Structures are given as C-alpha cells and as structure tokens.
Amino acid sequence: QLQLVESGGGLVQPGGSLRLSCAASGFTLDYYAIGWFRQAPGKEREGISCISSSDGTTYFDSVKGRFTISRDNAKNTVYLQMNSLKPEDTAVYYCAARGHYCSPYEGNFGSWGQGTQVTVSS
C-alpha cells in the first residue's frame with residue numbers, strides 16, 4: 001500500500017524557517033515525482049513545488065527563491081525547506097506522488113499524505 005506521511009509543520013514567526021518531510025512507504029520514491037501542495041483556510045489547494053524522478057524541480061512563483069525541494073532516495077523521503085516564511089504561507093501542506101514527471105494539476109497525483117499544518121504568525 002502506497003503511503004505518504006508529512007511531518008515538520010508547526011508555528012513559526014515571520015521570517016523564520018521550517019523543513020517539511022514527506023516520507024514514503026510501500027513504494028520506492030526513485031521512480032516517482034513528488035509534489036508539494038498547500039491549502040489555506042477558505043482557499044483552494046495550490047501546487048507550490050515538485051521534484052521529478054530525475055531531480056528536475058519546479059516552483060510556484062510565490063515561493064521561488066524561498067523554498068527548496070529535495071529528495072533523499074536512501075531515506076525514501078522528500079523535503080521542502082521553507083525560508084523567509086510569511087503569514088500568507090500559513091496553510092496545510094500536502095505531498096503527493098505520481099510517476100516520474102511533475103504536473104501542475106493535482107488531479108494527476110494519485111497518492112496523497114494527510115497534511116501538516118504550517119502557521120506563520122508573530
């Protein structure tokens with residue numbers, strides 16, 4: 001059974017940093033693209049970053065230069081390093097998997113984690 005589990009969320013002050021983890025079980029991440037999405041209260045879920053099986057990366061405009069996605073296949077985990085956090089980054093963050101290639105459409109991702117809450121507030 002394919003499972004993804006996010007962790008690393010929490011409360012952080014504006015300008016602070018967090019590193020989210022997306023740990024996979026039941027499958028090997030080597031052959032999958034992993035996307036990070038987020039959903040803020042009252043808003044639709046949006047894609048923010050993705051890493052392909054060949055380590056190609058993409059970023060949503062609002063997080064470019066602040067967030068970095070990476071993978072450690074030995075640990076079967078993908079990370080999202082989030083720096084210079086802003087209150088508007090407050091959301092539930094999800095990771096999701098699909099075969100090999102990234103996609104801007106969440107409907108193309110078949111396996112999802114349960115999400116982790118990130119709150120940016122002073």
Side-chain angles (χ1 to χ4, degrees):
Q1 184 179 359
L2 307 184
Q3 280 194 320
L4 295 169
V5 178
E6 303 94 336
S7 62
L11 173 63
V12 63
Q13 292 186 340
S17 298
L18 284 174
R19 188 178 77 159
L20 303 184
S21 299
C22 173
S25 61
F27 68 106
T28 303
L29 277 181
D30 302 44
Y31 307 110
Y32 288 83
I34 300 295
W36 281 99
F37 298 78
R38 67 185 180 187
Q39 187 166 24
K43 294 187 177 181
E44 293 186 354
R45 188 159 56 189
E46 63 178 2
I48 55 172
S49 186
C50 185
I51 185 166
S52 70
S53 62
S54 59
D55 289 345
T57 58
T58 59
Y59 297 94
F60 189 67
D61 285 348
S62 64
V63 305
K64 279 182 181 177
R66 299 189 298 124
F67 291 10
T68 304
I69 192 170
S70 63
R71 66 162 71 223
D72 184 338
N73 287 342
K75 294 184 178 179
N76 223 26
T77 301
V78 169
Y79 302 99
L80 185 69
Q81 178 67 43
M82 306 188 297
N83 298 329
S84 302
L85 283 162
K86 305 175 182 179
E88 52 263 43
D89 294 318
T90 295
V92 178
Y93 284 69
Y94 302 88
C95 63
R98 72 183 303 268
H100 289 299
Y101 306 112
C102 288
S103 170
Y105 306 111
E106 65 174 76
N108 288 342
F109 288 81
S111 297
W112 290 79
Q114 82 292 347
T116 185
Q117 176 70 47
V118 172
T119 302
V120 184
S121 175
S122 55

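This structure is a prediction, so every number in the text was calculated from the model and none was measured. The first residue in the sequence is number 1, and the count goes up from there.
Cluster annotation: I51 and L2 are assigned to the same hydrophobic cluster (Ile/Leu/Val/Met/Phe/Trp/Tyr, side-chain heavy-atom contacts under 4.5 Å, transitive).
Here D72 pairs with nothing under the side-chain hydrogen bond (donor to acceptor under 3.5 Å, both in side chains) rule; sequence neighbours left out. Remark: Q81 pairs with N83 by the side-chain hydrogen bond (donor to acceptor under 3.5 Å, both in side chains) rule, at least two apart or across chains. Residues meeting the side-chain hydrogen bond (donor to acceptor under 3.5 Å, both in side chains) test with K86, sequence neighbours left out: none. Take F60 and apply the ring pair (Phe, Tyr, Trp, His ring centres under 6.0 Å) test, not counting sequence neighbours, and it matches no residue. Here N76 pairs with nothing under the side-chain hydrogen bond (donor to acceptor under 3.5 Å, both in side chains) rule; sequence neighbours left out.
A side-chain donor-acceptor contact under 3.5 Å links T90 to the backbone of V120. Looking at T58, its side chain never comes within 3.5 Å of a backbone N or O of S49 through a donor-acceptor pair. With hydrogens and angles ignored, the 3.5 Å screen pairs a side-chain donor or acceptor of R71 with a backbone N or O of S52. Under a 3.5 Å cut-off, the side chain of E6 and the backbone N or O of G115 do form a donor-acceptor pair.
In the hydrophobic clustering, where aliphatic and aromatic side chains (Ile, Leu, Val, Met, Phe, Trp, Tyr) are joined below 4.5 Å either directly or transitively, L11 stands alone. Other residues sharing a hydrophobic cluster with W112 under the 4.5 Å side-chain heavy-atom criterion for ILVMFWY residues are F37, V92, Y94, F109. Taking Ile, Leu, Val, Met, Phe, Trp and Tyr as hydrophobic and joining them when side-chain heavy atoms fall under 4.5 Å apart, one finds Y105 isolated, its cluster having no other members.
One finds the OH atom of Y79 at 12.0 Å from the CG atom of L20 (value rounded to the nearest 0.5 Å). Note that the CD atom of Q39 and the CD atom of E106 stand 8.0 Å from one another [nearest 0.5 Å]. Interatomic distance, OG1 of T116 versus CG of L80, reported as 11.0 Å (0.5 Å rounding).
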Below 3.5 Å, can you tabulate the donor-acceptor pairs from side chains in residues 62-69 to any protein atom, sequence neighbours excluded?
| unit_1 | atom_1 | unit_2 | atom_2 | d |
| --- | --- | --- | --- | --- |
| S62 | OG | R38 | NH2 | 3.4 |
| K64 | NZ | D61 | OD1 | 3.2 |
| R66 | NH1 | S84 | O | 2.9 |
| R66 | NH1 | D89 | OD2 | 2.7 |
| R66 | NH2 | S62 | O | 2.9 |
| R66 | NH2 | D89 | OD1 | 3.0 |
| R66 | NH2 | D89 | OD2 | 3.4 |

Can you give me every donor-acceptor pair (side chain of residues 25-36, partner residue at least two apart or in another chain, under 3.5 Å) with its distance?
none

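Evaluation of the disulfide (SG to SG under 2.5 Å) test over residues 61-96, restricted to residues two or more places apart or in two chains, returns C22-C95. The disulfide (SG to SG under 2.5 Å) contacts involving residues 37-84 comprise C50-C102, where partners must be two or more places apart or lie in separate chains.
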Exercise for the section: Using the side chain to side chain donor-acceptor pair (under 3.5 Å) rule, take T119 and S121 through it: C-alpha gap first, then chi angles, then the decisive distance, then the call. Expected result: CA-CA 6 Å; T119 302; S121 175; over 6 Å; no
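More than 12 heavy atoms of other residues, nucleotides or ligands shown are found within 6.0 angstrom of CD on E88.
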